[in-house]
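One structure is given below, encoded as structure tokens.
A note on names: the letters A, B, ... follow the listed sequences, proteins ahead of strands, and every chain is numbered from 1.
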Number of protein chains: 2
Amino acid sequence: MKSNHVTLKDIARILELSPSTVSRALKDHPDINEETKKLVKTFAEKVNYRPNALALSLRRQKTNTIGLIIPEIVHHFFSSVISGIEDLAYGEGYNVMICQSNENYQREVIDTQALIDHRVDGILVSVSKTTRDYNHLRNAYDNGIPMVFFDRIVEEIKTDRVITDDFQGAQIATSHLIERGCKNILHLAAPQHLVIGSRRKEGYLKALEDHGIKADEDLIVKCDTREYVFSLQQHLMKLIEQKHIDGIFAVNDSTAIATMQALQSEGIKIPDQIKVIGFGDGPNADIAYPPLSTVEQKGYETGREAMRLLLQRLENPGIEINFSTKVLTPTLKQRQST
Amino acid sequence: MKSNHVTLKDIARILELSPSTVSRALKDHPDINEETKKLVKTFAEKVNYRPNALALSLRRQKTNTIGLIIPEIVHHFFSSVISGIEDLAYGEGYNVMICQSNENYQREVIDTQALIDHRVDGILVSVSKTTRDYNHLRNAYDNGIPMVFFDRIVEEIKTDRVITDDFQGAQIATSHLIERGCKNILHLAAPQHLVIGSRRKEGYLKALEDHGIKADEDLIVKCDTREYVFSLQQHLMKLIEQKHIDGIFAVNDSTAIATMQALQSEGIKIPDQIKVIGFGDGPNADIAYPPLSTVEQKGYETGREAMRLLLQRLENPGIEINFSTKVLTPTLKQRQST
DNA sequence: GTTTAAAAGGATGTCGAAGTCCTTTTATGG
DNA sequence: CCATAAAAGGACTTCGACATCCTTTTAAAC
């Protein structure tokens with residue numbers, strides 16, 4: 001069993017024509033006789049001829065492939081992004097080459113290089129958490145490959161971007177808790193060196209301020225994973241009792257869900273005694289008990305927008321378009337936890 | 001900003017050498033003087049020269065890319081599979097081209113064709129639920145592209161396979177329910193034209209038989225998605241009442257979880273009144289209320305094994321190796337729903 | 001009967017890399 | 001001093017598709 005792809009030359013040899021003629025017959029070139037065209041087309045169909053994409057790309061200097069660098073496919077947000085990108089890309093005749101950095105800087109560098117080596121027409125990137133140096137991306141950029149950053153952007157590199165308004169999202173979430181009657185709201189926060197960490201905290205503080213509630217530094221706890229919640233369980237319980245916590249805004253859904261589970265194991269009723277809200281709206285929110293209210297982060301739209309911005313550049317080569325930043329506003333998705 | 005990739009010819013022109021010399025200098029060919037080599041290498045490094053992967057693939061008749069066709073990336077099982085595949089592939093110098101069929105036959109056909117067009121060296125496939133015709137895959141096969149099926153295999157095409165022992169998994173799950181005291185066990189099944197659908201049903205039946213319980217065709221309901229559960233809710237409730245159902249084995253976790261939610265909304269206590277077990281063990285099982293007992297399906301291992309089988313063929317071209325089927329045995333993961 | 005052009009198709013070069021073959025220069029042996 | 005070979009590097013070809021340029025045949029025009 002060996003590779004046996006049919007080429008133009010093969011067809012030409014068998015039909016006793018020149019490769020040029022076969023090529024033109026297949027693309028309805030006026031110089032070719034109708035009879036000949038029919039003959040060639042019928043035969044090509046019969047032997048299942050398909051032009052070699054590599055040869056085409058090499059010749060055309062265009063691969064019709066775009067590269068995607070993404071931290072982790074397992075996260076629902078990112079897999080939704082992929083769908084958004086693909087749906088648009090496919091429609092326009094582009095393929096997507098997906099690379100998973102696994103939140104690993106080294107891998108991200110290798111992936112970027114692989115995409116450049118394959119001469120992708122454009123790159124969509126969401127950088128890994130561990131990436132501090134951006135030379136690999138700048139390199140792609142310098143090679144003239146259009147790039148669009150989404151979600152985890154690199155501020156140092158000026159290009160198109162698609163981001164979620166984390167500040168406003170957090171504000172919406174916190175305001176919602178306040179409107180549902182919460183007075184003492186705990187915020188489980190992400191590390192402050194991450195943009196989402198600080199922005200979401202700021203939104204939380206802004207909402208408190210807007211409603212005339214004094215912020216309390218003790219009510220902001222660094223805790224952004226499921227495991228973290230359980231290891232802090234004792235501490236959190238003490239805090240809840242001392243501060244009469246009646247609402248919790250967690251920086252992401254899985255932390256929010258773990259928190260609900262921890263509280264329930266201590267006999268606390270949700271939402272009656274404490275209301276909980278998350279951020280992100282993956283499918284977990286629906287599965288949790290009670291279903292989790294959260295702020296919906298639009299993965300599919302993020303992908304679509306990023307691809308749209310990229311296509312704009314690819315379809316208008318040579319035309320200078322000012323870089324734009326698309327900000328998506330997350331929306332409240334109320335369920336039974338608030 | 002235009003594409004400005006450096007080529008061998010560019011380097012040759014600037015250094016006033018021939019392209020051949022530059023090519024050989026870069027690969028340490030003995031015919032080239034050390035001085036020249038150093039000159040070329042230094043310069044190549046400086047201008048960030050990277051060979052064009054397209055040109056290389058065309059010349060070598062090998063792309064070092066393998067194609068992956070997968071139903072839906074959002075599913076935890078499949079994204080784990082991807083990780084398993086990538087970890088092995090990267091190490092061996094292969095890139096992975098991921099295509100998502102979205103459980104859509106048409107898309108799967110297009111994806112397969114795209115992979116063939118790109119002349120991937122091999123293909124890993126898990127077929128979509130809606131695929132009934134396998135000509136697109138047979139086509140790839142006839143083109144001499146090695147294939148490995150995983151999880152959702154096609155029995156008609158003889159090639160390497162990696163599957164989970166669905167029969168045994170279902171048997172383990174059902175036996176577990178019986179051992180926990182269930183007498184009337186409902187099975188929410190996948191379509192029977194899917195191998196996982198029929199095998200899991202058979203495992204369920206075998207477990208009943210082993211424990212001397214008579215099977216009842218009415219207790220096998222085709223229902224394999226979250227949405228399906230809610231649309232069948234009335235019907236299921238009637239069935240549960242009439243048949244005194246005390247245990248449910250769902251063909252996958254999300255169906256199991258949705259079922260628990262549906263039952264709970266009708267006031268039924270889990271596991272006290274009805275015990276529920278799923279299949280797959282994604283991260284959702286831990287989040288569900290109560291945490292879902294399930295049969296652990298090994299996504300990462302599945303991907304690794306599939307890639308391993310494919311590599312075996314790619315690294316031994318021309319050598320005939322008998323097709324093998326690797327069967328992974330799932331294990332019981334008991335939580336609080338049983 | 002010759003000019004002219006349209007119709008139909010072939011030959012050649014290009015994209016980028018690299019293997020095969022060929023040429024030039026220099027050194028060594030007899 | 002010539003023969004021979006090693007050292008160093010260039011020319012040519014190939015992978016597959018296709019665009020550009022070139023050739024042949026035939027029919028129309030004068």
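Contacts between residues 7-19 of chain A and DNA chain D, defined by a heavy-atom separation below 4.0 Å, involve A:Thr7, A:Leu8, A:Lys9, listed by number. In the region residues 45-52 of chain A, proximity to DNA chain D at under 4.0 angstrom, judged on heavy atoms, holds for A:Tyr49, A:Arg50, A:Pro51, A:Asn52.
Of the side-chain N and O atoms in B:Thr21, none sit less than 4.0 angstrom from OP1 or OP2 of D:dG9. In this model, the phosphate group of C:dG16 is approached by a side-chain N or O of A:Gln61 to a distance below 4.0 Å at OP1 or OP2.
More than 12 heavy atoms of other residues, nucleotides or ligands lie within 6.0 Å of CD in A:Glu156, so this atom counts as buried by the packing criterion. Under a cut-off of 6.0 angstrom, the local environment of NZ in A:Lys41 is crowded, with over 12 non-hydrogen atoms contributed by other residues, nucleotides or ligands.
Nearest heavy atom pair, residue B:Thr130 against residue B:Glu103, reads OG1-O, 2.9 Å. Scanning all heavy atoms of the two residues, the minimum distance from B:Val6 to B:Val47 falls at CG2-O, 3.8 Å. The minimum heavy-atom distance between A:Lys37 and A:Asp28, with the atom names listed, is CD-OD1, 3.3 Å.
Among the nucleotides C:dG16, C:dG9, D:dC18, the one closest to any side-chain atom of B:Ala55 is C:dG16. With distances taken from any side-chain atom of B:Arg24 to the nucleotides C:dC21, D:dA17, C:dG16, the minimum falls on C:dC21. Picking from D:dC18, C:dG9, D:dG9 the nucleotide with the shortest atom distance to the side chain of A:Asn33 gives C:dG9.
In summary, B:Arg304 and B:Glu301 do not engage in a salt bridge, as defined by a charged side-chain N under 4.0 Å from a carboxylate O. Salt-bridge check for B:Arg107 with A:Glu86: passed, with a basic side-chain N closer than 4.0 Å to an acidic carboxylate O. A:Arg313 and A:Asp121 are not joined by a salt bridge, as no carboxylate oxygen comes within less than 4.0 angstrom of a charged side-chain nitrogen.
Between the NE2 atom of A:His29 and the P atom of D:dA19 there is a distance of 8 Å, given to the nearest Å. Between the CD atom of B:Glu35 and the P atom of D:dA7 there is a distance of 16 Å, rounded to whole Å. Per the geometry, CZ belonging to A:Arg59 stands 17 Å off C1' belonging to C:dA17, to the nearest Å. One interatomic measurement links the two molecules: CG of B:Leu26 to P of C:dA17, which rounds to 10 Å at whole-angstrom precision. Between A:Leu56 atom CG and C:dG16 atom C1' there is a gap of 15 Å when expressed in whole angstrom units. Protein atom NZ of B:Lys62 is 19 Å distant from nucleotide atom P of C:dA17, rounded to whole Å. Spacing between atom CG of B:Asp117 and atom P of D:dA17 amounts to 10 Å, rounded to whole angstrom units. D:dC18 atom C1' lies 15 Å from atom CG of A:Asp28, rounded to whole Å.
The C1' atoms of five pairs define one axis at each end of the helix from C:dG1-D:dC30 to C:dG30-D:dC1, and these two axes lie 70° apart (to 10°).
You'll find a donor-acceptor pair under 3.5 Å spanning the side chain of B:Ser20 and the base of D:dA11, going by distance alone.
A ring-ring contact (aromatic ring centres under 6.0 Å, His included) check over residues 71-92 of chain B, counting only residues at least two apart or in different chains, returns nothing. For residues 42-56 of chain B, every residue pair satisfying the side-chain hydrogen bond (donor to acceptor under 3.5 Å, both in side chains) rule, not counting sequence neighbours, is listed here: A:Asp117-B:Arg50. The salt bridge (charged side-chain N to carboxylate O under 4.0 Å, His left out) analysis of residues 11-27 of chain A, with sequence neighbours excluded, yields the pairs A:Asp10-A:Arg13.
Backbone-only contact: A:Thr36 has heavy atoms under 4.0 Å from sugar-phosphate atoms and none from a base. Residue A:Asp31 is classed as a base contact, given a heavy-atom separation below 4.0 Å to a base.
Counting only distance, with no hydrogens or angles, the side chain of B:Asn139 and the backbone of B:Asn135 share no donor-acceptor pair below 3.5 Å.
Nearer to the 5' terminus of DNA chain D, by closest-nucleotide assignment, is the contact made by B:Pro30 (compared with the other of A:Leu58 and B:Pro30).
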